[in-house]
Amino acid sequence: MSSLVHKLGLSSKLGFQDVFSIDDPDLLAFVPRPAYALLLIFPVNDTYEKFRVAEDQEREVYNGSGSGEEVVWYKQTIGNACGLIGLLHGVSNGKAKSFIEPDSALSRLLSEAIPLTPVERANLLYESQALESAHQSAAAQGDTSAPSANDK
């Protein structure tokens, strides 16, 4: 994650750390402070999906955009990209946003995304050559082979 976000243009003053527990104080003590975001990745199954769909059924579809938006939100439409989408949420909001290097791919992506609706933002991410290139480069560094975008 650090390699990916640094390739996109986040200052090397910030990076990602593994967190081995979210409730054990001894293990949490290893997490560098300040921490601006937490990416929680978990497997999705049919039970979870049914619960999520039922929970969201009564909610209005979010369609926020523009500089007055409290939180920049990206709709995930790219398969197996939950980590990437979480990463973008983490660096596009809050104090982490101030660590984006000017004139970087990430800075340009965020500037282009802010006026767009969530669906338009999803298309922007899907079409971003800079995002795809940085993602491919970072993915090649790992020890685990990446799943197909169609895999669950």
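Heavy-atom basis, side chains included; hydrogens, waters and symmetry copies ignored.
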Inset, instruction - Side-chain contact test, heavy atoms from C-beta onward, threshold under 4.5 Å: evaluate it for H89 versus V72 and give yes or no. - result: no
Inset, instruction - Hey, could you give me the CD/CG distance between Q129 and L131, rounded to the nearest 0.5 Å? - result: 10.0 Å
Legend entry - Audit row: L88, L106, side chain to side chain contact (heavy atoms under 4.5 Å, CB included) steps and yes/no: CA-CA 9 Å; L88 289 172; L106 187 55; 4.0 Å; yes
Legend entry - D24, CG atom: more than 12 neighbouring heavy atoms under 6.0 Å: yes
Inset, instruction - Could you pull out the closest heavy-atom pair between L28 and S21, with the gap in Å? - result: CD2-O, 3.2 Å
Inset, instruction - For Y62, look at atom OH and say whether over 12 heavy atoms of other residues, nucleotides or ligands are found less than 6.0 Å away. - result: yes
Legend entry - Test side chain to side chain contact (heavy atoms under 4.5 Å, CB included) applied to L84 and H135, step by step: CA-CA 8 Å; L84 173 63; H135 189 268; 4.0 Å; yes
Inset, instruction - Hey, could you give me the CD/CG distance between E69 and N93, rounded to the nearest 0.5 Å? - result: 8.0 Å
Inset, instruction - Check whether any side-chain N or O of R121 sits under 3.5 Å from a backbone N or O of Y74 as a donor-acceptor pair, and report yes or no. - result: no
Legend entry - Straight-line distance of L124 CG to E127 CD, nearest 0.5 Å: 9.0 Å
Legend entry - Atom pair OG (S133) and NZ (K7), whose distance is rounded to the nearest 0.5 Å: 8.5 Å
Inset, instruction - Examine L39 and L10 and state if one hydrophobic cluster contains both, with Ile, Leu, Val, Met, Phe, Trp and Tyr joined whenever side-chain heavy atoms are less than 4.5 Å apart. - result: yes
Legend entry - Side-chain heavy atoms of I85 within contact of L125, under 4.5 Å: yes
Inset, instruction - State, without any angle test, whether E120 and T117 hold a side-chain donor-acceptor pair at a distance under 3.5 Å. - result: yes
Inset, instruction - For residues F16 and L87, determine if any side-chain heavy atom of one lies less than 4.5 Å from a side-chain heavy atom of the other. - result: yes
Inset, instruction - Heavy atoms only: give me the nearest P118-N63 pair and the separation to one decimal. - result: CD-OD1, 3.6 Å
Legend entry - Pairing of R108 and E101 as salt bridge, 4.0 angstrom limit: no
Legend entry - Minimum side-chain heavy-atom gap S65-I114 below 4.5 Å: no
Inset, instruction - Keeping the roles fixed (side chain from H6, backbone from M1), state whether a donor-acceptor pair exists under 3.5 Å. - result: no
Legend entry - L110/K97 under side chain to side chain contact (heavy atoms under 4.5 Å, CB included): CA gap, chis, key distance, verdict: CA-CA 10 Å; L110 185 58; K97 184 177 174 181; 3.7 Å; yes
Inset, instruction - Please check if the side chain of D56 supplies one atom and the backbone of R59 the other of a donor-acceptor pair under 3.5 Å. - result: no
Inset, instruction - Tell me, with the steps shown, if V31 and Q17 meet side chain to side chain contact (heavy atoms under 4.5 Å, CB included). - result: CA-CA 7 Å; V31 178; Q17 301 291 320; 5.5 Å; no
Inset, instruction - Mind telling me whether F99 and Y36 have parallel, tilted or perpendicular rings, with 30° and 60° as the class edges? - result: tilted
Legend entry - Partner residues of S107 under the side-chain contact (heavy atoms from CB on, under 4.5 Å) criterion, sequence neighbours left out: I100, S104
Legend entry - Common cluster, V61/V119, ILVMFWY with side-chain heavy-atom separation under 4.5 Å: no
Legend entry - Pairwise side-chain contact, L8 with L109, heavy-atom cut-off 4.5 Å (strictly under): no
Legend entry - N-O pairing of R52 and E55 below 4.0 Å: no
